[in-house]
Amino acid sequence: LLHVLLSAVVPGTLSTAIRAERKVFAWASSSNATVAQLTNASWAGIFDGVHAGCGVEIVASGTASVTMSVNDTIFAQCTALKRAVEAGGGEFHVWTNAVPQVLLDNPSLRASFIDSAIDAAHKHGIQGFSIDDETDCAPRSTLQNFTAWVEFINQFSDALHAASPP
């Protein structure tokens, strides 16, 4: 039900603001069994938060725009999970799909995408995004694409950390 993700930070790949901090997150579903595990006293303090699949998706509309979209019906199914995580003092992050190539190729689209992600986070009480990007051989097969991907991830991360809470 819970799959542990222990993130080791690779120097030079993440923004300076978060390099020194390491957290342990669980991949979680919105099932009642997962909620029961998280609210069981024997699990207290094991995880710093969860990455949950709650209907959040990066959507590219051709080459004109990219937004962070939340399917409200699916997200509503995560309410009990979100409450359990928050009650235990954890962070509620959601996982989303891969970064569309258009965001790497066209940096002018990034600001509006980042704004849409911040708006989604504020509206839904999301504390972070886990981008599940295994595109082109995890996450990119060429140095040029990988460099552009890291540049985008750093820009995205820095903007999210700088965003004021609602």
Side-chain angles (χ1 to χ4, degrees), residues 1-59 67-100 103 113-135 137-140 146 149-166:
L1 299 172
L2 294 176
H3 301 281
V4 178
L5 170 70
L6 177 60
S7 304
V9 177
V10 178
T13 60
L14 295 176
S15 68
T16 306
I18 62 169
R19 264 190 211 140
E21 189 173 347
R22 183 173 299 173
K23 295 182 179 184
V24 179
F25 281 74
W27 291 97
S29 70
S30 61
S31 73
N32 290 334
T34 301
V35 173
Q37 277 184 310
L38 289 172
T39 57
N40 182 319
S42 65
W43 285 78
I46 293 176
F47 301 111
D48 296 302
V50 300
H51 296 286
C54 295
V56 178
E57 181 179 19
I58 300 172
V59 178
T67 58
M68 186 69 79
S69 176
V70 178
N71 179 316
D72 289 325
T73 302
I74 296 172
F75 194 85
Q77 296 170 6
C78 290
T79 301
L81 173 65
K82 185 175 180 296
R83 286 185 184 144
V85 170
E86 292 169 344
E91 295 179 21
F92 183 75
H93 295 207
V94 294
W95 75 70
T96 187
N97 55 313
V99 176
L103 273 179
F113 167 75
I114 291 168
D115 288 345
S116 74
I118 292 168
D119 290 346
H122 288 169
K123 179 180 177 184
H124 296 283
I126 297 166
Q127 294 171 296
F129 298 94
S130 175
I131 298 174
D132 186 8
D133 194 339
E134 299 170 23
T135 302
C137 193
R140 305 293 163 164
F146 182 72
W149 184 84
V150 169
E151 177 185 288
F152 165 75
I153 293 297
N154 285 338
Q155 185 179 1
F156 185 49
S157 176
D158 290 345
L160 292 175
H161 286 102
S164 298

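Scope of the values below: all heavy atoms of this structure, side chains included, with no hydrogens, waters or symmetry mates. Index from 1, following the sequence. Not measured: the values here are computed from a predicted model.
For Ser157 (side chain) and Ile153 (main-chain N/O), no donor-acceptor pair under 3.5 Å exists by modelled atom type. Side-chain N or O atoms of Ser116 include one that pairs as donor or acceptor with a backbone N or O of Met68 at under 3.5 Å. Asp132 places no side-chain N or O within 3.5 Å of a backbone atom of Trp95 that could act as its donor or acceptor partner. With hydrogens and angles ignored, the 3.5 Å screen pairs no side-chain donor or acceptor of His124 with any backbone N or O of Asp72.
Heavy atoms only, all atoms of each residue included: Ala159 and Ile118 are closest at O-CD1, 4.0 Å. Nearest heavy atoms, Leu81 versus Ala52: CD2-CB, 3.6 Å. Residues Cys78 and Gly53 come closest through the heavy atom pair SG-O, 3.8 Å. Closest approach of Thr34 to Ser29, counting heavy atoms only: OG1-OG, 3.1 Å. Between Val35 and Ala80, the shortest heavy-atom distance links the atoms CG2-C, 3.9 Å.
Once rounded to the nearest 0.5 Å, the distance linking CH2 of Trp149 with OG1 of Thr135 reads 9.5 Å. For the atom pair CZ of Phe156 and NE2 of His161, the computed distance is 10.5 Å after rounding to the nearest 0.5 Å. In this structure, CG in Asp133 is found 10.0 Å from OG1 in Thr96, a value given to the nearest 0.5 Å. Of the inter-residue distances, the one linking Glu134 atom CD with Asn97 atom CG reads 11.5 Å to the nearest 0.5 angstrom. For the atom pair CG (Asp119) and CD1 (Ile126), the distance works out to 11.0 Å, reported to the nearest 0.5 Å. Note that the CZ atom of Phe113 and the CZ atom of Phe152 stand 4.5 Å from one another [nearest 0.5 Å].
Aromatic ring pairs are classed by plane angle as parallel below 30°, tilted from 30° to 60° and perpendicular above 60°; the pair Phe75 and Phe92 is perpendicular. Between Phe25 and His51, the angle of the ring planes lies from 30° to 60°, which puts this pair in the tilted group.
Within the 4.5 Å cutoff, the side chain of Val85 has heavy atoms near those of the Leu38 side chain. When side chains are defined from C-beta on, Leu103 does not count as touching Gln155, because their heavy atoms never get closer than 4.5 Å.
The salt bridge (charged side-chain N to carboxylate O under 4.0 Å, His left out) check on Glu57 picks up nothing, with sequence neighbours excluded.
Counting non-hydrogen atoms of neighbouring residues, nucleotides and ligands closer than 6.0 angstrom, the CG atom of Asn32 reaches no more than 12 such neighbours.
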Item to complete: Determine, step by step, whether Trp27 and Val50 satisfy the side-chain contact (heavy atoms from CB on, under 4.5 Å) criterion, reporting the C-alpha distance in whole Å, the side-chain angles of both residues, the deciding distance to 0.1 Å, and the verdict.
Response: CA-CA 6 Å; Trp27 291 97; Val50 300; over 6 Å; no
